[in-house]
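Worth saying up front: this structure is predicted, and the values here are computed from it rather than measured. Side chains included, hydrogens not; waters and symmetry mates left out as well; all remaining heavy atoms used.
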Amino acid sequence: MIGIWVLGTQLSLDQSAVKSCENQKEKTNVILIESQEYAKQRRYHQQKLVLVWSAMRHFSETLKEEGWKVNYETATDFLTPLKAWVKENQITELRVMTPNDRSVSNFIKNLDLACEIVLFPDNHFLWSTEAFQQWTTNRKRILLEDFYREGRKRFKVLVEDNKPIGGKWNYDQENRKPPKKNLNPPSPLNFPPDSITTEVIETVKSLSFPTYGEIDNFNWGVTREDAKNVLSHFIETNLPNFGTYQDAMVTGENTLWHSLISPYINLGLLHPLEVIKAVENAYYKQDLPLNSVEGLIRQVLGWREFLHGIYHWVDVDYGQGNWFNHTQPLPHFFWDSRETDLNCLKQVLQQVENTGYAHHIQRLMILSNFALIVGVSPQELKDWFHAAFIDAYDWVMETNVIGMGQFADGGVFASKPYASSANYVNKMSDYCADCCYNPKHRSQGDACPFNFFYWDFIARQRDRLQSLGRMNLVLANLRKIDADELAQIQGLADNWRDQHCP
Ligand code: FAD
């Protein structure tokens, strides 16, 4: 008898292990396991636990409807139910689609089971690990833009005769508009919990180990049908404006024109190619603005595939990187938004507590940027991101937090760190208007911490930054700050750290 173990991030009928037995369902047993032991290993957002467990339970029902024999186990660990199931069903070969997280993959390879274990290639990405490795061979630079253009040609997306539709590969310059007053973004779809989700919510509420975030606002889809509706809703209502306000941040508007599809693609409920093709088709049929269409496709075909490829390409200790040698503990208010008086951080942290979601610029330029300029340990920050976000997994954390956000890899794929002062926050959001700090001050008593930390960071790290070349203008501006003011700035930064990074 063949057995298939479907993991919580592999919820698709087309995933390779399930597909391999499509014509022999009667000789196959499928198992899904909810493990509380696994959920205890780190804190998780309560809504993430609900999403994953409810989606697994729904997928188990889908498998049964499709004629598969399915065991759904709720257990403390993975091994106990696996062993019992292998024995009871006389499984001789266990098939698993290769998990995209390294530690889970190693765990499965080393399982002590009375059957053969066969890993199938992960088909939830467009680029296989091998294809990505090949692409990097003999390449002087590993740049998203080069990878993305290759992806457009390889998968024939928005191209004609290998040339980009519209004449340009990239319309990013048009996708950085600050928010205007009275923007009116569409609301996300509503997903009232059904009986399965309600049961999972009760289970999660009763857990005895520490979690993070609020559970009562749970409003995520939990089935493939829901995920397809999110995608259609996005294309119909959000896509026309997606590009223009992609980087904007507005108080009380958690999602603006973003797609909210990351939780679903990461669980296997949507396939990236399906997303890309749906968006491309909408461009041809509905005459949508190219900056929005290309912008979304660059995120999925470009960034998502690129960072997944990087995760499997770099050394296994990549996650331990700390190029700036940052060792400050994470300020406690990351775990409790009520404890900060910086309005931008409060707004974004509150939103994450309530939903598990923040859009890219909120993650990069508010949360990660602040930790970077304060000098927080990249690993502590990564652990927090992993706990807090609805769509967090190891592969996407390491590359986005350690690499993109903290530059802790010393620039494997980025040429300079994403560090900025309050100037950027003030331009791209309305947060500063309601803040007790002054975004224009850097050394006075009411100076915004983004400002004194920014200059403290540039001064502390000037030698390393000098070596990057692209920071010369900023370093020249640092030299224009007189010694007394710089000492004041550094004093403010030290005092703040003493109070908030115990
Ligand atoms: P949209 O803005 O609508 O973009 C569409 C899709 O593009 C996303 O759903 C996602 O699948 C893909 N995408 C865009 N950028 C990236 C990227 N940098 N890496 C991977 N996929 C990308 N993404 C996660 O899926 N999980 C995470 O835990 C995560 N953590 C992040 C942490 C930091 C510090 C940063 C800077 C980025 C992180 N991202 C993460 C990437 C990105 O911010 C999210 O994918 C995106 O905000 C999800 O919201 P959305 O679906 O509305 O995205």
For residues 137-148, run the donor-acceptor check on the side chains, cut-off 3.5 Å, and write out each pair with its distance to 0.1 Å, sequence neighbours left out.
residue : atom : partner : partner atom : Å
Thr137  : OG1  : Gln133  : O            : 3.0
Thr137  : OG1  : Gln134  : O            : 3.1
Arg139  : NE   : Trp135  : O            : 2.6
Arg141  : NE   : Asp146  : OD2          : 3.0
Arg141  : NH2  : Asp146  : OD1          : 3.0
Arg141  : NH2  : Asp146  : OD2          : 3.2
Glu145  : OE1  : Asn170  : ND2          : 2.9
Glu145  : OE2  : Arg149  : NE           : 3.0
Glu145  : OE2  : Arg149  : NH2          : 3.3
Tyr148  : OH   : Arg152  : NH1          : 2.8
Tyr148  : OH   : Glu294  : OE2          : 2.5

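With rounding to the nearest 0.5 Å, the separation of NZ in Lys25 from CD1 in Ile2 is 14.0 Å. Here the straight-line distance linking atom CD1 of Ile261 with atom CG of Leu296 works out to 6.0 Å at 0.5 Å rounding.
In the model, Arg224 has no side-chain atom that pairs as donor or acceptor with a side-chain atom of Thr62 under 3.5 Å. Checked by atom type, the side-chain pair Tyr311/Asn100 shows no donor-acceptor distance below 3.5 Å. Counting only N and O atoms by type, the side chains of His58 and Asp226 include no donor and acceptor under 3.5 Å apart. A donor atom on one side chain and an acceptor atom on the other are not found under 3.5 Å apart for Thr244 and Asn241.
Using cut-offs of 30° and 60° for the angle between ring planes, the Phe125 and Trp395 rings count as perpendicular.
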With side-chain contact (heavy atoms from CB on, under 4.5 Å) as the criterion, how do Tyr418 and Ser368 come out once you've worked through the C-alpha distance, each side chain's angles and the decisive distance to 0.1 Å? CA-CA 9 Å; Tyr418 284 96; Ser368 174; over 6 Å; no
Go through it in stages, so that I can follow the logic: the residues are Lys109 and Asn106, the test is side-chain contact (heavy atoms from CB on, under 4.5 Å), and I'd like the CA-CA distance, side-chain angles, deciding distance and then a yes or no. CA-CA 5 Å; Lys109 280 182 202 154; Asn106 289 337; 4.1 Å; yes
From CA spacing to verdict: side-chain contact (heavy atoms from CB on, under 4.5 Å), Leu189, Asn229: CA-CA 8 Å; Leu189 287 182; Asn229 286 337; 3.9 Å; yes
Apply side-chain contact (heavy atoms from CB on, under 4.5 Å) to Asn369 and Tyr424, showing your working. CA-CA 11 Å; Asn369 174 25; Tyr424 180 87; over 6 Å; no
Checking Glu73 against Trp85 for the side-chain hydrogen bond (donor to acceptor under 3.5 Å, both in side chains) test, could you report, in this order, the C-alpha distance in whole Å, the side-chain angles of both residues, the deciding distance, and whether it holds? CA-CA 10 Å; Glu73 305 288 343; Trp85 169 77; over 6 Å; no
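Looking at Lys163 and Glu160, no side-chain N of the basic residue comes within less than 4.0 Å of a carboxylate O on the acidic one, giving no salt bridge. Salt-bridge check for Glu305 with Arg154: failed, with every basic side-chain N at 4.0 Å or more from each acidic carboxylate O.
For Arg363 and Tyr357, the positive end sits near the middle of the six-membered ring, less than 6.0 Å away and at most 45° from its axis. At least one cation-pi condition fails for Lys48 and Phe385: the charged atom is not both under 6.0 angstrom from the six-membered ring centre and inside a 45 degree cone around its axis.
More than 12 heavy atoms of other shown residues, nucleotides or ligands fall within 6.0 angstrom of atom CG in Asp317.
Considering all non-hydrogen atoms of both residues, Trp257 and Thr237 come closest at CD1-O, 4.2 Å.
Checked against a 6.0 Å centroid threshold, the rings of Phe457 and Phe324 count as neighbours.
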